[in-house]
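Below is one structure, written out as structure tokens, with a few remarks after it.
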Amino acid sequence: MKAARKAITETLLELGKKDKRIFALATDSRGSVTLGDFVKELPEQFVECGIAEQDAVGIAAGLACTGLIPFVCGPASFYSTRAAEQVKVDMAYSHTNVKVIGVSGGVSYGALGGTHHAVQDVALMRAIPGLQVILPADANSASAMTRALACSREPAYVRVGRGDVEDIYPQDVVFEIGKAIKLSDGKDAAIIACGEMVAPAVKACEMLKEEGIFVKLFDMHTIKPMDVDAVMEAASTGLVVTVEEHSVYGGLGSAVSEYLSQNAPVRMKIMGLPDETLYSGTNKQVFEHYGLTSDGIAQTIRKGLMK
């Protein structure tokens with residue numbers, strides 16, 4: 001098990017040693033985002049911006065205009081709200097090659113509560129034209145994603161959690177931005193998950209298979225641009241359940257339902273965090289409280305098939 005944030009910074013260091021155009025920026029967050037080794041080994045490719053997320057995005061946009069490839073790393077909660085205007089204007093509108101790596105997203109800041117939770121970030125970011133929105137599921141896919149982003153010229157917002165996550169993919173996983181990964185096949189129902197919700201979705205499919213219920217599972221790591229072919233394949237089962245560590249408004253579930261309602265109406269259930277002030281606690285405690293577990297996902301499928 002390894003944290004996705006650590007996999008990203010390790011990969012950035014490896015890439016940065018080979019390509020001097022790769023820069024890392026932080027906002028008094030080098031420890032939180034695990035950039036310590038990068039700073040130690042490549043100090044000339046690092047910019048410390050202090051607690052000033054808006055400035056960091058603007059500085060990164062300036063670096064990108066000179067041909068550099070900047071990765072801005074810091075808390076997802078602050079980059080998706082405090083720096084929203086700079087992401088919109090300096091990155092997306094100006095089409096600069098800036099990648100924002102939002103760390104400790106979702107509820108992974110735990111007891112720090114609503115001020116530090118990032119559960120509206122996908123809704124905000126996917127509404128901005130010209131911005132990719134990506135939530136890798138584990139360390140290996142996060143590493144592969146980082147390599148793909150380094151080769152891309154598109155501005156992107158990435159959200160990962162804080163703690164260690166179990167491996168879903170091998171180290172040589174093929175990660176294509178905008179292309180979902182099918183993790184299981186089945187005809188009875190489909191699950192579309194993203195980020196740290198992919199792991200419990202995998203376990204839910206295994207549980208249901210033992211009961212004779214066969215479920216398709218897609219890791220929709222790229223929320224925008226979304227893989228609509230995968231969405232349509234999921235809809236062919238007649239029941240689609242989306243699972244995300246995000247508000248039920250505006251995230252993965254909304255993106256899927258927006259597309260299906262206009263192209264292939266089907267029974268759907270959006271599993272996520274409710275529109276309320278969330279309980280504080282560890283991410284595991286929060287997931288259990290709101291049913292975002294393998295048991296909760298499996299039970300949602302069972303109920304959906306009974307209707």
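This chain uses plain numbering: 1 for the first residue, then up along the sequence. As the structure is a prediction and not an experimental result, all values here were calculated from the model.
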Using a cut-off of 6.0 Å, state whether more than 12 heavy atoms not belonging to [X] lie near its atom [atom1].
{"X": "Tyr259", "atom1": "OH", "answer": "yes"}
{"X": "Lys88", "atom1": "NZ", "answer": "no"}
{"X": "Glu85", "atom1": "CD", "answer": "no"}
{"X": "Lys182", "atom1": "NZ", "answer": "yes"}
{"X": "Arg21", "atom1": "CZ", "answer": "no"}
{"X": "Glu276", "atom1": "CD", "answer": "yes"}
{"X": "Lys179", "atom1": "NZ", "answer": "no"}

Quick check: closest heavy atoms across [X] and [Y], and the distance to 0.1 Å?
{"X": "Val286", "Y": "Gly281", "value": "CG2-O, 4.0 Å"}
{"X": "Ala189", "Y": "Leu305", "value": "CB-CD2, 4.4 Å"}
{"X": "Cys49", "Y": "Ile59", "value": "SG-CD1, 3.8 Å"}
{"X": "Cys205", "Y": "Ile191", "value": "SG-CD1, 3.9 Å"}
{"X": "Ala255", "Y": "Arg126", "value": "N-NH2, 3.5 Å"}
{"X": "Pro70", "Y": "Ala60", "value": "CG-O, 3.3 Å"}

In the hydrophobic clustering that connects Ile, Leu, Val, Met, Phe, Trp and Tyr at side-chain heavy-atom distances below 4.5 Å, which members other than Leu112 occupy its cluster, ordered by chain and number?
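The other cluster members (ILVMFWY side chains, heavy atoms under 4.5 Å, direct or chained) are Tyr109.
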
ILVMFWY clustering at 4.5 Å (side-chain atoms), partners of Phe38:
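Hydrophobic cluster check, Phe38: joined to Ile8, Leu12, Leu13, Leu15, Ile22, Val33, Leu35, Val39, Leu42, Phe46, Ile69, Phe71, Ile101, Val103, Ile134, Met145, Leu149, Val158, Val160, Phe175, Ile177.
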
Side-chain heavy atoms of [X] within contact of [Y], under 4.5 Å:
{"X": "Ile297", "Y": "Leu208", "answer": "no"}
{"X": "Thr293", "Y": "Pro200", "answer": "no"}
{"X": "Val231", "Y": "Phe218", "answer": "no"}
{"X": "Met125", "Y": "Tyr79", "answer": "no"}
{"X": "Asp188", "Y": "Leu239", "answer": "no"}
{"X": "Leu252", "Y": "Ile192", "answer": "yes"}
{"X": "Glu176", "Y": "Thr222", "answer": "no"}
{"X": "Asp295", "Y": "Met207", "answer": "yes"}

Find out if a path of hydrophobic residues (ILVMFWY) with successive side-chain heavy-atom gaps under 4.5 Å connects [X] to [Y].
{"X": "Val165", "Y": "Val198", "value": "no"}
{"X": "Val248", "Y": "Val107", "value": "no"}
{"X": "Met268", "Y": "Met271", "value": "no"}
{"X": "Phe23", "Y": "Tyr157", "value": "yes"}
{"X": "Leu135", "Y": "Val243", "value": "no"}

Answer yes or no: is there a donor N or O on one side and an acceptor on the other, between the side chain of [X] and the main chain of [Y], under 3.5 Å?
{"X": "Thr237", "Y": "Ala234", "value": "yes"}
{"X": "Ser184", "Y": "Val215", "value": "yes"}
{"X": "Arg159", "Y": "Ser80", "value": "no"}
{"X": "Ser94", "Y": "Val89", "value": "yes"}
{"X": "Thr282", "Y": "Gln285", "value": "yes"}
{"X": "Ser247", "Y": "Tyr249", "value": "yes"}
{"X": "Asp185", "Y": "Lys216", "value": "no"}

Using side-chain contact (heavy atoms from CB on, under 4.5 Å) as the criterion, list what pairs up with Lys2, not counting sequence neighbours.
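In terms of side-chain contact (heavy atoms from CB on, under 4.5 Å), with neighbours along the sequence ignored, Lys2 is linked to Lys6, Ala7, Glu10, Ala139.
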
Counterpart residues, side-chain contact (heavy atoms from CB on, under 4.5 Å), relative to Ala92 (two or more places apart)
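By the side-chain contact (heavy atoms from CB on, under 4.5 Å) rule, Ala92 matches Ile128, Leu131.
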
Taking only residues at least two apart or on different chains, which pairs with a member in residues 236-257 satisfy salt bridge (Lys or Arg N to Asp or Glu O under 4.0 Å)?
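For residues 236-257, and leaving out neighbouring residues, there are no salt bridge (Lys or Arg N to Asp or Glu O under 4.0 Å) pairs at all.
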
Any salt bridge (Lys or Arg N to Asp or Glu O under 4.0 Å) involving residues 140-158? Give me the pairs, sequence neighbours left out, ordered by first then second residue.
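Applying salt bridge (Lys or Arg N to Asp or Glu O under 4.0 Å) to every pair that reaches into residues 140-158, excluding sequence neighbours, yields Glu14-Arg147.
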
Spatial distance of atom [atom1] ([X]) from atom [atom2] ([Y]) [nearest 0.5 Å]:
{"X": "Tyr169", "Y": "Leu183", "atom1": "OH", "atom2": "CG", "answer": "4.0 Å"}
{"X": "Thr96", "Y": "Asp90", "atom1": "OG1", "atom2": "CG", "answer": "7.0 Å"}
{"X": "His117", "Y": "His246", "atom1": "NE2", "atom2": "NE2", "answer": "13.5 Å"}
{"X": "Cys73", "Y": "Arg5", "atom1": "SG", "atom2": "CZ", "answer": "11.5 Å"}
{"X": "Lys17", "Y": "Glu41", "atom1": "NZ", "atom2": "CD", "answer": "4.0 Å"}
{"X": "Ile270", "Y": "Thr242", "atom1": "CD1", "atom2": "OG1", "answer": "5.0 Å"}

Can you find a side-chain donor-acceptor pair between Asp138 and Ser141 that sits under 3.5 Å?
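A donor-acceptor contact under 3.5 Å links the two side chains.
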
Verify side chain to side chain contact (heavy atoms under 4.5 Å, CB included) between Ile51 and Arg82, making sure each step is shown before the conclusion.
CA-CA 11 Å; Ile51 304 175; Arg82 188 179 295 168; 4.0 Å; yes

Could you please spell out the steps behind the side chain to side chain contact (heavy atoms under 4.5 Å, CB included) verdict for Leu278 and Tyr290?
CA-CA 9 Å; Leu278 302 176; Tyr290 293 110; 3.7 Å; yes

Checking Met91 against Gln86 for the side chain to side chain contact (heavy atoms under 4.5 Å, CB included) test, could you report, in this order, the C-alpha distance in whole Å, the side-chain angles of both residues, the deciding distance, and whether it holds?
CA-CA 7 Å; Met91 285 175 55; Gln86 284 71 29; over 6 Å; no

Using the rule given for side chain to side chain contact (heavy atoms under 4.5 Å, CB included), can you reason through Lys99 versus Ser152, listing the C-alpha separation, both sets of side-chain angles and the distance that settles it, and then say yes or no?
CA-CA 10 Å; Lys99 325 297 184 183; Ser152 167; 3.8 Å; yes

